[in-house]
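So the structure is just underneath, and the comments pick up after that.
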Amino acid sequence: MAESQPSFPDVEYDRRRVPNRQEFPDQMDQVIAWGEWTALIEPHDFNSKRGRKPVPIETMLRMYLLRVWFNLSDEAVEDQINDSYAMRRFMHLDFAVRQVPDARTLLHFRHMIEKYDLGRAMFDSLNRLFDANGWIMRGGSVVDATIIAAPASTKNVAGERDPDMHQTKKGNQWYFGMKAQIGADAGSGYVHTVTATAANVHDVDETHKLVRADDEVVYSDSGYRGIDKRAEITGDEHLSRVEFRIAARKGQLETMAAPDRAIETAKASIRARSSTRF
C-alpha cells in the first residue's frame with residue numbers, strides 16, 4: 001500500500017502514551033512481509049470480478065489479523081475498527097476514501113484462507129523472516145497447550161457436533177472444543193510450531209511434533225512428565241538425545257532443598273517468558 005501524508009489525528013496519536021494492546025499491531029505492521037503474504041493470497045483472490053469495486057487483499061488481510069490477534073468475531077472486529085483509531089491506523093484506512101469492509105466480506109476471506117491453508121504458509125513465511133534476522137536463538141524450545149473452547153451446539157445443517165472437536169475436563173470444569181499444541185523458541189519466546197487437536201488429546205501425544213531438528217533442550221510444565229519414556233521419543237535418533245526439563249509438581253517444591261528449588265525457579269522463568277507470546 002502506498003504511504004499517505006500523515007493527518008493531524010495521526011500526529012496527535014503518535015504523541016500519546018501507547019498501551020500494550022495498541023503497541024502490538026504497530027510492531028507487527030513493521031515485521032510482516034506484506035508483499036510476500038499478499039502474493040500468497042493473490043492466486044486464490046476472494047474478490048468477485050463483477051459487482052462492487054473489490055477490496056484490496058492487504059486491507060482484508062489486516063482485518064483478518066486483527067480478528068485473530070484480539071479473538072473477535074467478524075461483526076466485532078468491524079465495529080472495533082470503526083471505533084478504535086489504533087485499529088483504523090493499522091488498517092491504513094482513510095474513511096474519506098474507503099469504509100471498513102463488512103463482516104460478510106471478512107467471512108468469505110476467512111473461508112478462503114482456511115480452504116487453501118494459507119495461514120500455515122504465512123506462519124512459515126514469518127518464521128523464515130525471524131530466522132533470517134537472527135530473532136530466534138535455536139537450541140531449545142518451550143512446549144505448552146491451550147484449550148480453544150467452542151459452543152457445544154448442534155444447530156447446524158447436519159444436526160451434529162463438529163467431529164474434530166471433543167470435550168475435556170480441566171480442573172473442575174468441562175470444556176468442548178479443540179486444543180492448540182504450541183512450541184516456542186526458549187530464547188526469544190516466539191512461537192515456531194503449532195498443531196491443532198481435539199480438546200481431549202493429551203498434551204504429550206503431540207510433543208514430538210513440536211521439537212525442532214536442532215533442539216537440545218525442551219522445557220514444559222508438570223503435565224508432560226514421562227514424555228522421555230514414550231516410544232516416539234525413545235525410538236527417534238534425535239528426540240532420544242533431547243533433554244526434557246519438566247517442572248516439578250507443586251507438592252514436590254515444598255520438600256525440595258534450596259538449590260533444587262532455585263533450579264525449578266530458573267526453569268519456570270524460561271517457560272513464563274515464552275508463554276507471554278502464546
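Hydrogens, waters and symmetry mates play no part in the numbers below; they use all other heavy atoms, side chains included.
Contact check on Asp185 versus Arg138 returns no salt bridge, with no Lys/Arg side-chain nitrogen under 4.0 Å from an Asp/Glu carboxylate oxygen. The existence of a salt bridge linking Arg128 and Asp131 is excluded, since no basic side-chain nitrogen approaches an acidic carboxylate oxygen closer than 4.0 Å. Residues Asp205 and Arg230 are paired through a salt bridge, judged by an N-O separation under 4.0 Å between the basic side chain and the carboxylate. Salt-bridge formation is detected for the pair Asp203/Lys179: a Lys NZ or Arg NE/NH1/NH2 atom is positioned less than 4.0 Å from an Asp or Glu carboxylate oxygen.
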Would Leu65 and Ile32 count as a side chain to side chain contact (heavy atoms under 4.5 Å, CB included) if you check the C-alpha gap in whole Å, the side-chain angles of each, and the deciding distance to 0.1 Å? CA-CA 11 Å; Leu65 291 174; Ile32 292 173; 3.7 Å; yes
Salt bridge (charged side-chain N to carboxylate O under 4.0 Å, His left out) assessment of Asp29 paired with Arg62: CA-CA 9 Å; Asp29 197 2; Arg62 288 172 178 272; 3.0 Å; yes
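In this structure, Leu239 and Glu232 approach most closely via the heavy-atom pair CD1-O, 3.6 Å. A pairwise comparison of heavy atoms in Tyr175 and Ala149 identifies CD2-CB, 4.3 Å as the closest pair. Scanning both residues, Ala196 and Met178, for their nearest heavy atoms gives CB-CE, 4.1 Å. The shortest non-hydrogen separation linking Arg225 to Ala248 is NH1-CA, 4.1 Å. The heavy-atom pair separating His208 from Ile233 by the smallest distance is CB-CD1, 4.0 Å. Among all heavy-atom pairs drawn from Leu61 and Ile41, the shortest one is CD1-CD1, 4.1 Å.
Taking 4.5 Å as the limit, every side-chain heavy atom of Tyr219 sits out of range of all side-chain heavy atoms of Ser141.
Between Tyr116 and His44, the ring planes are parallel. Angles under 30° get that label, and only those over 60° would be called perpendicular.
Taken from CZ in Phe176 to CD1 in Ile148, the straight-line distance is 12.5 Å, to the nearest 0.5 Å. Atom CG of Asp215 is separated from atom CZ of Arg241 by 12.5 Å, given to the nearest 0.5 angstrom. Distance OH/Tyr64 to CG/Leu106: 9.0 Å, rounded to 0.5 Å.
Using modelled atom types, no side-chain atom of Thr105 and backbone atom of Pro101 make a donor-acceptor pair closer than 3.5 Å. Judged by distance alone, the side chain of Asp144 and the main-chain N or O of Ile182 form no donor-acceptor pair under 3.5 Å. Judged by distance alone, with hydrogens and angles left aside, the side-chain atoms of Glu78 form a donor-acceptor pair with the main-chain N or O of Ala103 at under 3.5 Å.
Aromatic ring centroids of Trp69 and Phe90 lie under 6.0 Å apart.
With hydrogens and angles left out, the side-chain atoms of Thr195 and Glu206 include a donor and acceptor closer than 3.5 Å. There is a side-chain donor-acceptor pair under 3.5 Å between Ser125 and Glu36.
By the neighbour-count criterion of 12 heavy atoms within 6.0 Å, atom CD of Gln167 is densely surrounded, having more than that number from other residues, nucleotides or ligands. Around atom CD of Glu114, more than 12 heavy atoms belonging to other residues, nucleotides or ligands sit under 6.0 Å away. Other residues, nucleotides and ligands contribute over 12 non-hydrogen atoms within 6.0 Å of the CG atom of Asp214.
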